[in-house]
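Starting from 1, each residue takes its place in the sequence as its number. Counting convention: from 1, in listed order, for ligands and their atoms alike. It should be emphasised that the depicted structure is a prediction, and the values quoted were computed from it without experimental measurement.
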Amino acid sequence: MPMKKVYIAYTGGTIGMKHVGGSYRPIPGYLQSLMATNPAFQHPELPQYVIHQYEPLLDSPNMTPADWSKIARDICAHYDEYDGFVVLHGTDTMAYTASALAFMLEGLEKPVIVTGSQIPLCEIRNDAQENLITALILAAYYQIPEVCLYFNGRLLRGCRAVKVNADGFDAFDSPRFPPLAYIGIEIELNRRVLQPVPVGRNGGVRLQAIAETAVVGALRLFPGISASILENMLQPPLRGLILETYGSGNAPTNDQRFLDVLAQATAAGIVIVDCTQCLRGTVDLTKYATGSALAQAGVISGYDMTAEAALTKLAWLLSQDLPVTEVKRLMQTDLRGELTRP
Ligand code: ASP
């Protein structure tokens with residue numbers, strides 16, 4: 001059996017950081033030097049791997065949609081040569097990148113595992129070694145035809161994941177979708193929920209990158225939010241907005257101007273998607289008058305999508321030459337396992 005090969009796209013993040021001048025920062029070559037002297041990374045049961053270090057290495061709050069597209073292009077450029085891909089990334093915006101990659105890479109037959117750590121590999125007590133080694137094993141030896149996020153013993157669907165813990169090793173969860181695998185003594189894939197391997201195509205992945213012109217935003221409602229805050233947000237070049245609402249998708253209705261601002265924006269072609277601030281459950285715009293008023297203003301349901309998935313999906317759809325009606329239809333259609341319609 002030829003040895004399996006994994007491509008590691010090292011974009012930055014805590015996993016490879018070093019403590020310098022009182023804080024952690026990414027240092028080029030540092031992660032590789034730690035791995036080279038750690039016997040765990042030379043173990044014969046690991047696949048062959050290459051590390052492609054990005055320039056500059058980023059602390060992930062500095063990631064932009066252009067960086068998401070750069071990672072997707074990198075994976076596509078090496079797609080045929082490797083059995084799987086690991087993306088090393090900071091945890092802060094990892095769920096956004098994992099979601100964006102899921103949409104940009106169409107027809108994926110090989111695993112793309114996004115991971116990182118809460119404590120860098122250089123520290124004696126760390127979660128970096130386990131996360132990276134398990135990600136390498138999953139990427140090399142398992143048929144998982146989707147973009148996933150691996151962290152602390154659980155493999156999550158990338159476009160369902162959210163960061164839920166700033167301190168613990170259990171930094172990620174996918175509260176509205178079961179894990180794709182549990183990694184304990186055994187690696188147990190939950191095959192029932194994995195995306196199917198694409199059929200009827202002769203291999204290869206298609207890339208639709210996210211364009212800089214696809215400007216989207218997110219606005220989290222709060223009690224007392226004014227129509228002018230909303231109006232300020234809905235200015236050019238904004239083309240799409242994720243409105244993070246209450247409960248089953250509700251927003252204030254006593255302020256008519258608030259609803260008028262929404263209706264004017266949707267009439268002007270801005271796509272406004274309703275996602276709930278709740279971690280579980282789904283948007284249902286028929287349930288309350290405070291929800292149906294949004295539907296009447298032209299806001300569409302994001303159902304149970306995470307705000308991260310909705311934002312990246314909207315940017316990806318607006319990057320394509322599609323009529324607004326089609327963008328709205330696809331936003332409400334399950335494309336990568338990101339959405340469940342009742
Ligand atoms: N600030 C870091 C980042 O997101 C945190 C981490 O990697 O855990 O890049």
Side-chain angles (χ1 to χ4, degrees), residues 8-35 38 41 51-72 74-75 85-102 112-136 138-139 147-175 179 183 210 218 220 306-309 311-312 315:
I8 303 178
Y10 172 32
T11 72
T14 294
I15 191 160
M17 287 191 189
K18 187 177 186 181
H19 210 246
V20 265
S23 59
Y24 282 121
R25 58 192 65 203
I27 304 288
Y30 185 55
L31 178 73
Q32 297 87 319
S33 68
L34 292 170
M35 288 171 71
N38 181 339
F41 291 100
I51 305 176
H52 174 212
Q53 175 177 281
Y54 281 31
E55 162 55 37
L57 288 171
L58 290 177
D59 194 324
S60 76
N62 288 318
M63 284 267 168
T64 64
D67 296 302
W68 304 336
S69 295
K70 176 176 163 184
I71 302 167
D74 189 18
I75 291 170
F85 299 83
V86 170
V87 178
L88 295 182
H89 195 288
T91 59
D92 288 347
T93 65
M94 188 182 284
Y96 289 91
T97 300
S99 296
L101 291 175
V112 173
I113 316 284
V114 186
T115 194
S117 69
Q118 294 279 61
I119 302 183
L121 187 62
C122 64
E123 302 293 352
I124 178 73
R125 206 173 57 76
N126 73 72
D127 55 335
Q129 179 166 324
E130 195 285 316
N131 284 349
L132 177 47
I133 284 184
T134 302
L136 282 168
L138 289 167
V147 177
C148 310
L149 190 155
Y150 177 71
F151 226 87
N152 194 43
R154 292 191 310 164
L155 185 71
L156 307 174
R157 173 161 296 154
C159 54
R160 290 281 194 169
V162 281
K163 186 172 181 182
V164 293
N165 193 338
D167 301 323
F169 288 156
D170 53 347
F172 290 91
D173 197 1
S174 63
I183 290 85
I210 292 178
R220 184 179 168 95
T306 64
E308 290 87 336
L311 182 116
T312 54

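- Among all protein heavy atoms, the one lying closest to atom 2 (C) of ligand 1 is Asp59 OD1, 3.2 Å.
- The protein heavy atom nearest to atom 9 (O) of ligand 1 is Ser60 N, 2.7 Å.
- Taking every non-hydrogen atom of Gly13 and a distance limit under 4.0 Å, the qualifying atoms of ligand 1 come out as 7 (O), 9 (O).
- With values rounded to the nearest 0.5 angstrom, Thr93 atom OG1 is found 10.0 Å from Glu308 atom CD.
- The backbone N or O of Met63 lies less than 3.5 Å from no partner atom in the side chain of Ser60, so there is not a single donor-acceptor pair.
- In this pair, Trp68 and Tyr96 present their aromatic rings parallel. The plane angle is below 30°, not in the 30 to 60° band.
- Annotation for ligand 1: atoms under 4.0 Å from non-hydrogen atoms of Gln118 are 8 (O).
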task: Kindly indicate, with the supporting measurements, whether the criterion side-chain hydrogen bond (donor to acceptor under 3.5 Å, both in side chains) is fulfilled by Glu130 and Tyr150.
output: CA-CA 10 Å; Glu130 195 285 316; Tyr150 177 71; 3.0 Å; yes

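- The protein atom (non-hydrogen) at minimum distance from atom 6 (C) of ligand 1 is Thr14 OG1, 2.8 Å.
- When the options Thr115, Thr97, Asp67, Thr14 are evaluated for a side-chain hydrogen bond (donor to acceptor under 3.5 Å, both in side chains) with His89, the one that passes is Thr97.
- Among all non-hydrogen protein atoms, the one lying nearest atom 8 (O) of ligand 1 is Thr91 OG1, 2.5 Å.
- The residues Lys163 and Asp92 are annotated as salt-bridged, a charged nitrogen and a carboxylate oxygen being separated by less than 4.0 angstrom.
- At under 3.5 Å, not a single nitrogen or oxygen of His89, backbone or side chain, sits near a nitrogen or oxygen of ligand 1.
- At a 4.0 Å cut-off, not a single heavy atom of Ala171 sits close enough to ligand 1 to count as contact.
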